[in-house]
Structures are given as C-alpha cells and as structure tokens.
Amino acid sequence: MATHKIGVFGWGTVPDATGGVFFELYSTKATNDNWKRLVCIFNDTASDIALHGGFTVPQNYVGSASVIATWTAIITTGSFLFGFDYRPVALTESFDQATAVQSASVLVSSPSAVNLRQDAVIGLTSACIVAGDEVEFFFTRKGTNASDTGASAAILFNLLFGYTDV
C-alpha cells in the first residue's frame, strides 16, 4: 500500500463571488520578488469565503482520503478554520445537486514565523469516495466562526487530495 497526493487545482477552480478570495502573485505579499507563483488569497477575515473546484479520483484509489492545504500567513498569532465541503459524483449521477455529502474542517494555528509553510490536513469519509468519481468541492476559510482568530489573509499555495492505493 502506498500513499499518494495529487493536486486539485485545475482550469475549473474559481473563487466565490464575494471578492474575499482571489488569485495573485505570491511576490505581492512576500518580502522578496523572486517567487512570482500564483497563490490563492483568503483575504476576508470576518466572512465565510470559498474556493470552488473539482477533480477526478484516481483509478488506484482505495481509501484514507484527505485534503491537504499547503498554506501560510504573514502573522504569527491566531488560528485559522479551514473547511472542505464535497460531493463525489459517480458515472450516471447528476452533477446538479444542492447539497454536499460531507462537510469537514480543521482548526490550525498561525505559523510560528511569517510565511512559514504549513500543511492543514482535513480527513474525509473514505467510504463515500470511489475510484473514478468526479468530486465537486468548495474549500473555505470560516471567518464567521469565533475559532478563526487570524487577523490576516491566509495564503493558499496548493490543495492536494491524499489517498492510499492497493
């Protein structure tokens, strides 16, 4: 059995319509101009804001499903509450559904140093995911929750689907 991680950002990944989530160059928030990669900024600290997308579950998927958010912030105090709502869609099922199958979340502390890499792991219900499913999702920062006390933007570098195979 091996553990895998695949990126879930794709051409269909879009921020919600609030304006609190957007893509920008990392060099805009970083202290140097060397690394101009595109990152997703969760800028609004007082609202629930989301990034929407979808991905295909790999054919060698067996279980141990999780989502790993690689992120940072420019502060060292407070906590961030991230959520992942999703719906696996099997062949012959409708994409046009109103509800998620599961809503999972994780509360993480601010980095111990500004811009320090963090991985926030959100466990998913493995039994409802099947190899070949198309997973619709939204990844959120839950700023309206009293537990989210980070008074700064969360900077998302990557969002990964973690799983094990045979």
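Basis for what follows: all heavy atoms, side chains included, without hydrogens, waters or symmetry-related copies. In this chain, residues are counted from 1 in sequence order.
- For Asp48 (side chain) and Thr144 (main-chain N/O), a donor-acceptor pair under 3.5 Å exists by modelled atom type.
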Is there a side chain to side chain contact (heavy atoms under 4.5 Å, CB included) between Leu25 and Arg37 once you walk through the steps? CA-CA 6 Å; Leu25 295 177; Arg37 70 185 279 184; over 6 Å; no
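- There is no side-chain donor-acceptor pair under 3.5 Å between Asp133 and Tyr61.
- No side-chain N or O of Asp33 forms a donor-acceptor pair with one of Ser27 less than 3.5 Å apart.
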Give the intermediate values and the outcome of ring pair (Phe, Tyr, Trp, His ring centres under 6.0 Å) for residues Trp71 and Phe42. CA-CA 10 Å; Trp71 71 284; Phe42 287 75; over 10 Å; no
Under the criterion side chain to side chain contact (heavy atoms under 4.5 Å, CB included), I'd like the reasoning laid out for Phe138 against Phe84: C-alpha separation, chi angles, the key distance, then a yes or no. CA-CA 6 Å; Phe138 53 94; Phe84 190 77; over 6 Å; no
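- Between the side chain of Ser94 and the backbone N or O of Asp96, at least one donor-acceptor pair lies under 3.5 Å.
- Thr18 places a side-chain N or O within 3.5 Å of a backbone atom of Gly20 that can act as its donor or acceptor partner.
- Surrounding CG of Leu91 are at most 12 heavy atoms belonging to other residues, nucleotides or ligands under 6.0 Å away.
- For Thr13 (side chain) and Gly10 (main-chain N/O), a donor-acceptor pair under 3.5 Å exists by modelled atom type.
- Under the 3.5 Å distance criterion, the side-chain polar atoms of Ser110 are matched with a main-chain donor or acceptor of Gly78.
- Ser79 contributes no side-chain N or O that, together with a main-chain N or O of Leu107, makes up a donor-acceptor pair within less than 3.5 Å.
- Without hydrogens or angle criteria, Ser126 side chain to Ala65 main chain gives a donor-acceptor distance under 3.5 Å.
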Between Thr45 and Ser152, does a side chain to side chain contact (heavy atoms under 4.5 Å, CB included) hold up when you go through it step by step? CA-CA 7 Å; Thr45 61; Ser152 170; 5.5 Å; no
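- Residues His52 and Asp16 have side chains that never bring a donor and an acceptor to within less than 3.5 angstrom of each other.
- For Asn158 (side chain) and Thr70 (main-chain N/O), no donor-acceptor pair under 3.5 Å exists by modelled atom type.
- Residues Asn145 and Ser147 have side chains that bring a donor and an acceptor to within less than 3.5 angstrom of each other.
- Using a 3.5 Å distance cut-off with no hydrogens or angles, the side chains of Tyr86 and Glu136 do not pair a donor with an acceptor.
- When each of Val106, Thr149, Ile75 is checked for a side-chain contact (heavy atoms from CB on, under 4.5 Å) with Phe80, only Ile75 meets the rule.
- A donor and an acceptor atom, one from each side chain of Asn115 and Thr72, are nowhere located under 3.5 Å apart.
- Considering every non-hydrogen atom in both Gly132 and Thr56, the closest pair reads O-CG2, 4.1 Å.
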Determine, stepwise, if the pair Asp148 / Arg141 fulfils salt bridge (charged side-chain N to carboxylate O under 4.0 Å, His left out). CA-CA 8 Å; Asp148 188 312; Arg141 176 172 180 196; 2.8 Å; yes
